Amino acid sequence: MWDAAVFVGIVLSLGGIVLFSDEPVTPGLIALAALTFVYVGASVFDDVREHPVYNLAAAVCTVLLFGGIYLIESYQGVIFLALTVLSVFGVVVETYNYRYGTSYLRIDT
């Protein structure tokens, strides 16, 4: 129930940002919003969150989001480049965890 409320909140927030913004909506922003909607929308379901590939998919989604923001900002935000590189490290860790059934470097376990 709370997950669905968070999903609705994100949809309404992004919708409000687009509605009241003077900036043009670019295809890159639409792609990032779609990725966010799909990931958060799928995360509402317990079966998705309990799937063994979920943590790896979350790490890949994080790389795509930070990398997308970095590319959309036309290489101006060095912080997003750093976050993208750190997220790639997360994908490597989650790939190892998935392959060997471990939970190394996870905060929630």
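Being a predicted model, the structure only gives us computed values, none of them experimental.
- As a member of the Ile/Leu/Val/Met/Phe/Trp/Tyr network built from side-chain separations under 4.5 Å, Phe20 groups with Leu19.
- Within the model, atoms OG1 of Thr26 and CD1 of Ile72 stand 5.0 Å from one another, a figure rounded to the nearest 0.5 Å.
- Although no hydrogens or angles enter the test, the distance criterion places no donor-acceptor pair under 3.5 Å between the side chain of Arg49 and the main chain of Tyr54.
- Linking Ile, Leu, Val, Met, Phe, Trp and Tyr residues whenever their side-chain heavy atoms come within less than 4.5 Å places Val63 and Leu29 in a single cluster.
- Atom OG1 of Thr95 sits about 4.5 Å away from atom CG of Leu56, to the nearest 0.5 Å.
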Decide yes or no on side chain to side chain contact (heavy atoms under 4.5 Å, CB included) for Val11 and Phe37, but give the supporting numbers first. CA-CA 7 Å; Val11 169; Phe37 290 152; 3.7 Å; yes

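- A continuous path of Ile, Leu, Val, Met, Phe, Trp and Tyr side chains, each step under 4.5 Å between heavy atoms, connects Phe45 with Val6, placing both in one hydrophobic cluster.
- Side-chain contact between Phe7 and Ser43 is absent, with no heavy-atom pair separated by less than 4.5 Å.
- For Val38, there are no side chain to side chain contact (heavy atoms under 4.5 Å, CB included) partners at least two apart in sequence or on another chain.
- A continuous path of hydrophobic side-chain contacts links Tyr39 to Leu14 [ILVMFWY only; heavy atoms under 4.5 Å].
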Contacts under 3.5 angstrom, residues 79-92 side chains, donor-acceptor by atom type, not counting sequence neighbours:
| from | atom 1 | to | atom 2 | distance (Å) |
| --- | --- | --- | --- | --- |
| Thr84 | OG1 | Phe66 | O | 3.4 |
| Thr84 | OG1 | Gly67 | N | 3.2 |
| Thr84 | OG1 | Phe80 | O | 2.6 |
| Ser87 | OG | Leu83 | O | 2.7 |

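- In this structure Leu35 satisfies the side chain to side chain contact (heavy atoms under 4.5 Å, CB included) test together with Cys61, Leu64, Leu65, sequence neighbours excluded.
- Other members of the cluster containing Leu12 are Val8, with ILVMFWY side chains joined at under 4.5 Å, either directly or via other members.
- Every residue meeting the side chain to side chain contact (heavy atoms under 4.5 Å, CB included) condition with Asn97, not counting sequence neighbours, appears here in chain and number order: Val93, Glu94, Thr102, Tyr104, Arg106.
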